[in-house]
Amino acid sequence: MPAAPLWLCWLPLLYVVAVLALEPLTPVEWPVSFALIGVPLVTAFGYGPVGVAGATVFAMVLEGVLAGTPCCAGRSVGYLWDRHYVASYICTALVGALGTILAAHRIQRERTLADVRFVAEIAQRVLLRPVPHRIGHLLLESLYLSAAAEARIGGDLFEAVPTGYGVRLLIGDVRGKGLLAVETAASLLGAFREAAYEEPDLAALATRLETSMIRRAEQLGGTETVERFVTAVFAEIPADGGLVYMVNCGHPPPLCLHAGQVRELDNGRSAPPLNLGVLVQEPYHVDVYPFRPGDQLLLYTDGVTETRDASGVFYPLLDRVRSWGPLPPRELLARLHDDLLAHSPRGLQDDTAALAVCLLPGEPSAPEPPG
């Protein structure tokens with residue numbers, strides 16, 4: 001269970017100091033020392049039941065000491081030990097009892113939240129495990145930022161698997177949020193991890209995952225059949241490098257960093273998102289791009305480009321990546337992570353995922369792609 005912030009630990013002492021400082025400065029008619037009744041409640045924010053009980057006793061003792069001090073004598077004539085101070089002690093004891101209950105409840109909730117976060121972290125490792133840092137001639141890094149800090153996982157997904165056809169990559173974004181989005185992401189990742197080893201080309205792989213998504217949506221029934229869809233990019237990099245094959249299903253186009261230049265890999269032939277292909281009923285088209293030693297791919301979800309600053313301006317990903325110059329995958333995603341958080345002072349409003357892949361220099365390359 002995480003410790004309370006330092007300022008909460010010091011808050012009870014600061015509260016008492018403020019009361020003691022105001023007591024001799026206020027008019028006789030305003031007995032500020034009665035504000036010590038709030039000490040147990042203030043303590044409950046940063047301490048447990050034992051701390052609150054101790055603060056309650058301390059507050060009652062301090063009230064008695066202040067009642068007998070010369071600075072209070074003038075204002076307490078006629079009722080120094082009468083029902084007013086008795087009422088003060090009773091109220092302090094009552095607030096202390098309530099504060100003790102509050103502190104116990106708070107600690108229980110914090111423990112429950114810590115358990116939920118622990119389970120979420122385990123679920124993330126199983127569902128959205130980090131990609132290997134190296135597969136063959138490729139360096140890889142992944143980034144995931146959840147808009148809900150307590151959840152840790154959401155509807156964005158990525159994966160990289162080495163197959164007999166080359167390294168196959170997936171990045172996707174499930175429509176919606178919450179448990180249904182996580183469930184859909186898990187279903188798609190499971191299907192990809194199985195089919196990536198079996199399907200001979202990316203078009204067949206995308207078709208198989210489209211079928212899997214349709215089947216899954218039909219099992220849910222209702223409006224989810226047409227409303228549950230996933231934007232995705234499938235990529236394949238052969239073992240000898242040189243080319244990268246892609247199928248884009250309604251997803252933001254990846255960036256290619258080549259010789260200090262940055263461009264979007266977009267031929268304008270994006271297919272519909274998965275589970276919406278039946279609306280078009282056209283075969284998936286595989287785009288081919290050069291991918292030479294030293295080149296780097298940056299695949300990302302729309303949580304990156306749709307991050308807004310305080311004035312509502314979208315995050316200018318292309319311009320930022322160009323301004324950073326050549327960076328290896330780990331440094332690139334670290335810079336992207338810090339820059340996104342700096343760009344959005346109010347916090348991320350959507351889940352964000354990114355996958356960076358670099359072909360190591362000096363490795364063999366293939367000829368130019370056709371067309």
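Atom set for the values below is all heavy atoms of this structure, side chains included, hydrogens, waters and symmetry mates excluded. All values derive from a computational prediction rather than experimental measurement.
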Output the distance between atom [atom1] ([X]) and atom [atom2] ([Y]), rounded to the nearest 0.5 Å.
X	Y	atom1	atom2	answer
Asp266	His251	CG	NE2	12.0 Å
Cys358	Phe291	SG	CZ	6.5 Å
Leu62	Leu20	CG	CG	5.5 Å
Phe192	Leu188	CZ	CG	8.5 Å

Determine yes or no for a side-chain-to-main-chain donor-acceptor pair under 3.5 angstrom, with [X] supplying the side chain and [Y] the backbone.
X	Y	answer
Thr301	Asp173	no
His343	Pro316	no
Arg134	Leu139	no
Tyr15	Leu36	no

Considering residues at least two apart in sequence or located in another chain, which fulfil the side-chain hydrogen bond (donor to acceptor under 3.5 Å, both in side chains) criterion with Asp309?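 Asp309 satisfies side-chain hydrogen bond (donor to acceptor under 3.5 Å, both in side chains) with Ser311 only.
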With Ser142 via side-chain hydrogen bond (donor to acceptor under 3.5 Å, both in side chains) - residues at least two apart: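 side-chain hydrogen bond (donor to acceptor under 3.5 Å, both in side chains) check on Ser142 returns nothing, list empty.
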Contact between [X] and [Y] at the side-chain level, heavy atoms closer than 4.5 Å - yes or no?
X	Y	answer
Thr184	Val230	yes
Val233	Pro254	yes
Phe158	Val131	yes
Tyr284	Glu210	yes

Shortest non-hydrogen contact from [X] to [Y]?
X	Y	value
Pro132	Leu140	O-CB, 3.3 Å
Ser344	Thr307	CB-CG2, 3.5 Å
Gln296	Ala356	OE1-CB, 3.8 Å
Ala232	Leu170	CB-CD1, 4.0 Å
Pro40	Val52	O-CG1, 3.7 Å
Ala196	Val161	CB-CG2, 3.6 Å

Evaluate side chain to side chain contact (heavy atoms under 4.5 Å, CB included) for Arg308 paired with Val313, printing each intermediate quantity in order. CA-CA 5 Å; Arg308 299 172 182 260; Val313 177; over 6 Å; no
Pair up each side-chain donor or acceptor in residues 333-341 with any protein partner under 3.5 Å, not counting sequence neighbours, and list the distances.
residue : atom : partner : partner atom : Å
Asp339  : OD1  : Arg320  : NH1          : 3.1
Asp339  : OD2  : Tyr315  : OH           : 2.6
Asp339  : OD2  : Arg320  : NH1          : 2.4

Test of understanding: with side chain to side chain contact (heavy atoms under 4.5 Å, CB included), list the residues that count as partners of [X], not counting sequence neighbours.
X	result
Pro12	Val42, Thr43, Tyr47
Val61	Val57, Val65
Ala204	Glu199, Pro200, Asp201

[X]: which residues meet the salt bridge (Lys or Arg N to Asp or Glu O under 4.0 Å) condition with it, sequence neighbours left out?
X	answer
Glu198	Arg208
Arg330	Glu141
Arg269	Asp287
Asp295	none

Other than Val95, which residues form its hydrophobic cluster under the rule that side-chain heavy atoms must be closer than 4.5 Å?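 Traced through the cluster, Val95 reaches Ile37, Leu41, Leu102.
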side-chain hydrogen bond (donor to acceptor under 3.5 Å, both in side chains): which pairs involve residues 49-62, sequence neighbours left out?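 Qualifying pairs: none.
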